[in-house]
Amino acid sequence: SSSFFLFLLPQLQVIFRWWKISLRNKFHESRPGEIKESWEDFLDDSSLHIQIAIVFGAKVLEHVLNLCRGNYDFLERLPVPLLLYIISFLELEDIARLSQVSRRFEMICNSNVLWENIVKNLCDTITPEMKELAQEIVWKQFFFTNRLQLQLQLRRRRQK
């Protein structure tokens, strides 16, 4: 089998390494293969682009190309828990706008986890009954449902 690694170094280099992993004697002494290029040369090397796309996928290739061009999108690369924490401080209009940026942000901005945090931050008390209802109808809908409607839904749940 083969293993591949892709490195992006701060010294403006792209390094693509590979080696064979085998029980056969002829590969015991083999050294890793390596292609090392400056970012500028990498941008012009379409054959290396193809190799990276085959091994790592089109998204990784696109990311590497963007880095080499100076297009850094750190926000898009942040882990979801950190994004949820940051987004929970935004105004509702800003959350609505952010949800239109990409599919990833749409998913995060409409997630139950985010809206549960928003509700918990804005409401003084959330009873277990309210929490159960919110999980049933999703937290975002719970947030935007007016108090009278929520009280009616809670009353109906009690009668069941």
Side-chain angles (χ1 to χ4, degrees), residues 1-19 21 37 39 42-43 45-160:
S1 70
S2 296
S3 290
F4 301 92
F5 285 96
L6 180 66
F7 302 96
L8 296 171
L9 299 177
Q11 300 91 342
L12 304 176
Q13 288 185 332
V14 175
I15 301 172
F16 182 63
R17 285 192 185 138
W18 66 92
W19 59 87
I21 300 172
E37 293 187 347
W39 288 15
F42 173 76
L43 287 171
D45 191 342
S46 60
S47 66
L48 187 53
H49 297 177
I50 292 167
Q51 289 177 25
I52 289 172
I54 290 169
V55 173
F56 298 103
K59 281 189 172 186
V60 170
L61 173 62
E62 181 182 348
H63 178 66
V64 173
L65 289 170
N66 281 331
L67 287 174
C68 292
R69 291 179 185 127
N71 301 328
Y72 308 111
D73 189 358
F74 293 114
L75 188 61
E76 187 72 35
R77 302 280 265 181
L78 288 176
V80 172
L82 181 57
L83 284 171
L84 286 167
Y85 179 74
I86 293 168
I87 294 168
S88 70
F89 291 101
L90 296 178
E91 297 292 326
L92 296 177
E93 301 86 34
D94 296 327
I95 294 172
R97 286 188 196 105
L98 184 61
S99 73
Q100 298 172 349
V101 168
S102 68
R103 287 188 182 137
R104 180 172 190 237
F105 282 111
E106 178 185 19
M107 180 192 74
I108 293 168
C109 290
N110 290 313
S111 73
N112 244 357
V113 176
L114 174 66
W115 287 97
E116 181 178 3
N117 289 339
I118 290 171
V119 170
K120 286 179 179 178
N121 288 338
L122 294 177
C123 294
D124 294 333
T125 58
I126 299 174
T127 66
E129 190 179 35
M130 292 169 69
K131 187 175 182 175
E132 200 175 294
L133 175 63
Q135 290 171 338
E136 188 179 295
I137 66 170
V138 301
W139 282 96
K140 183 176 181 182
Q141 186 177 340
F142 181 85
F143 178 82
F144 284 108
T145 303
N146 72 41
R147 287 183 181 213
L148 290 175
Q149 289 175 322
L150 285 176
Q151 289 173 352
L152 179 62
Q153 288 180 14
L154 287 169
R155 196 173 308 126
R156 287 181 187 155
R157 287 177 61 83
R158 284 186 210 121
Q159 291 172 352
K160 287 184 180 178

| query | Taking all non-hydrogen atoms of both residues, which atom of Phe89 and which atom of Tyr85 are closest, and how far apart? | reply | CD1-O, 3.1 Å
Side chains of [X] and [Y], heavy atoms from C-beta outward: is any pair under 4.5 Å?
{"X": "Gln153", "Y": "Ile137", "value": "yes"}
{"X": "Ile95", "Y": "Ile118", "value": "yes"}
{"X": "Phe16", "Y": "Val55", "value": "yes"}
{"X": "Val101", "Y": "Leu75", "value": "no"}
{"X": "Glu129", "Y": "Leu133", "value": "no"}

Rounded at 0.5 Å granularity, tell me how far [atom1] in [X] sits from [atom2] in [Y].
{"X": "Leu122", "Y": "Ser88", "atom1": "CG", "atom2": "OG", "value": "10.0 Å"}
{"X": "Trp139", "Y": "Asn112", "atom1": "CH2", "atom2": "CG", "value": "8.5 Å"}
{"X": "Gln149", "Y": "Leu154", "atom1": "CD", "atom2": "CG", "value": "12.0 Å"}
{"X": "Leu114", "Y": "Met107", "atom1": "CG", "atom2": "CE", "value": "11.5 Å"}
{"X": "Glu136", "Y": "Phe142", "atom1": "CD", "atom2": "CZ", "value": "11.5 Å"}
{"X": "Lys140", "Y": "Asn110", "atom1": "NZ", "atom2": "CG", "value": "3.5 Å"}

| Given Val64, Ile54, Leu61, the one that forms side chain to side chain contact (heavy atoms under 4.5 Å, CB included) with His49 |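 Output: one option passes, namely Leu61.
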| request: Give me the one residue out of Leu83, Ile86, Ile87 that meets side chain to side chain contact (heavy atoms under 4.5 Å, CB included) with Leu98. | output: Ile87
| field | Exceeds 12 heavy-atom contacts within 6.0 angstrom, atom CZ of Arg103 | value | no
| field | Geometric class of the Phe143/Trp115 ring pair [parallel <30°, tilted 30-60°, perpendicular >60°] | value |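 Taking Phe143 first and then Trp115, their aromatic rings sit tilted (interplane angle of 30° to 60°).
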| message | Less than 6.0 angstrom separating the ring centers of Phe42 and Trp39, yes or no? | response |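 When the ring centroids of Phe42 and Trp39 are compared, they turn out to be at least 6.0 Å apart.
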| message | My understanding is that only residues two or more places apart in sequence, or in another chain, count here; which of them pass salt bridge (Lys or Arg N to Asp or Glu O under 4.0 Å) with Glu62? | response |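 Glu62: no salt bridge (Lys or Arg N to Asp or Glu O under 4.0 Å) contacts found.
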| said: For Asp45 and Val14: C-alpha separation, side-chain torsions, deciding distance, then whether side chain to side chain contact (heavy atoms under 4.5 Å, CB included) applies. | reply: CA-CA 11 Å; Asp45 191 342; Val14 175; over 6 Å; no
| message | Under a 4.0 Å threshold between the charged nitrogen and the carboxylate oxygen, would Glu93 count as salt-bridged to Arg97? | response | no
